[in-house]
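Reviewing the structure listed below.
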Amino acid sequence: MTIARTPQARIRRLRRDALPADTETLARHLLGRFVVRTLDGERLVGRIVETEAYLPGDAASHAFRGRTPRNGSMFLRRGHAYVYLAYGSAWMLNVSSESADVGAAVLIRALEPVSGLATMARLRGDPPARDLARGPGRLAQALAIDRALDGLDLCAAGAIWLGESDGAPVEPGVSVRIGITRDADRPLRYYVPGNRNVSGPARLNRGMPGIA
DNA sequence: AGTGCGATTGACT
DNA sequence: GTCAATCGCACTA
């Protein structure tokens with residue numbers, strides 16, 4: 001397998017005090033950054049190519065009805081993992097995004113695999129290469145993400161953290177969020193135009209190759 | 001204690 | 001393109 005475009009070396013951890021202080025800006029900021037997962041001594045790395053913002057007071061957010069045992073990690077100060085199970089089978093990785101006790105997060109929806117592709121493929125059951133981490137449930141499976149990682153500090157060294165490397169900032173494509181029913185018309189989904197690992201229906205992915 | 005419903009995916013027409 | 005599996009969780013009583 002060959003992956004050329006993205007630099008693998010010299011990924012440094014994101015500093016919490018460098019994270020944008022509001023959820024929407026953080027969701028854009030995370031595009032082009034990296035999720036770094038250490039599993040059995042191996043480093044699995046993916047470049048973030050798709051995110052969604054779940055804002056304070058957002059009716060589509062799990063935090064909308066207040067703090068519960070499940071969504072507690074959304075109320076940690078920005079930069080912590082909120083991991084939950086959707087539809088009984090798919091784990092979702094989010095990054096808490098506001099001050100402590102506010103309740104908001106950015107959903108990581110897709111990664112471009114960078115390192116550890118063989119392990120990711122094994123964890124995923126050898127799917128087509130393009131689908132390794134295309135979609136929130138798939139990326140969690142590729143990186144062995146589950147409830148055990150809920151609440152971890154993604155700005156600290158450990159089993160999973162957020163990183164960045166050198167490179168031009170990404171100008172995101174924007175669309176409505178996928179798979180929600182309430183507040184479904186708000187443009188809070190962001191993606192890297194043209195990236196093959198972006199999920200979602202073609203009509204939402206303007207700027208992708210072959211799409212008007 | 002019972003019920004309804006997903007921030008999805010994979011299989012199938 | 002359509003569609004159902006699947007189960008934890010929040011909500012009602």
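Here the structure is a predicted model, which means the values were calculated and not measured. Throughout, a chain's letter reflects where its sequence line sits, starting with A, and its residues are numbered from 1.
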- Message: Going by the rule side chain to side chain donor-acceptor pair (under 3.5 Å), which residues pair with A:T51 if we only count those two or more places apart in sequence or in a different chain?
- Response: none
- Message: Tell me which residues in residues 86-108 of chain A lie within less than 4.0 Å of DNA chain C, going by non-hydrogen atoms.
- Response: A:Y87, A:G88
Please table the atom pairs, donor to acceptor, closer than 3.5 Å between any side-chain atom in residues 127-140 of chain A and protein atoms at least two apart or in another chain.
from, atom 1, to, atom 2, distance (Å)
A:R130, NE, A:R196, O, 2.9
A:D131, OD1, A:R134, NH1, 2.9
A:R134, NE, A:V198, O, 3.3
A:R138, NH1, A:R134, O, 2.9

- Item | Base-pair map of DNA chain B as dot-bracket, where | denotes pairing with a different strand and pairs are Watson-Crick or G-U under 3.5 Å | ||||||.|||||.
Show every donor-acceptor pair shorter than 3.5 Å between a side-chain atom in residues 150-160 of chain A and any protein atom, with sequence neighbours excluded, or say none if there are none.
from, atom 1, to, atom 2, distance (Å)
A:D150, OD1, A:S73, OG, 3.0
A:D150, OD1, A:V83, N, 2.9
A:D150, OD2, A:S73, OG, 3.3
A:D153, OD1, A:R16, NH1, 3.3
A:D153, OD1, A:R16, NH2, 3.1
A:D153, OD1, A:C155, N, 2.9
A:D153, OD2, A:R16, NH2, 2.6

- Item | salt bridge (Lys or Arg N to Asp or Glu O under 4.0 Å) partners of A:R147, counting only residues at least two apart | none
- Note on the structure: By salt bridge (Lys or Arg N to Asp or Glu O under 4.0 Å), A:D183 pairs with (sequence neighbours left out) A:R186
- So which of residues 171-189 of chain A are in contact with DNA chain C, with a heavy-atom cut-off of under 4.0 Å? none
- Selection residues 155-164 of chain A - residue pairs positive for side chain to side chain donor-acceptor pair (under 3.5 Å), sequence neighbours left out: A:R33-A:E164
- Task: Give me the first and last nucleotide of DNA chain B, going 5' to 3', that has any atom under 4.0 Å from a heavy atom of chain A.
- Result: B:dG6 to B:dG10
- Taking only heavy atoms on the protein side, list every residue of residues 63-72 of chain A lying under 4.0 Å from any atom of DNA chain B, sorted numerically. none
- Message: Students should find this one: the first and last nucleotides of DNA chain C, 5' to 3', lying under 4.0 Å from a heavy atom of chain A. What are they?
- Response: C:dT6 to C:dC11
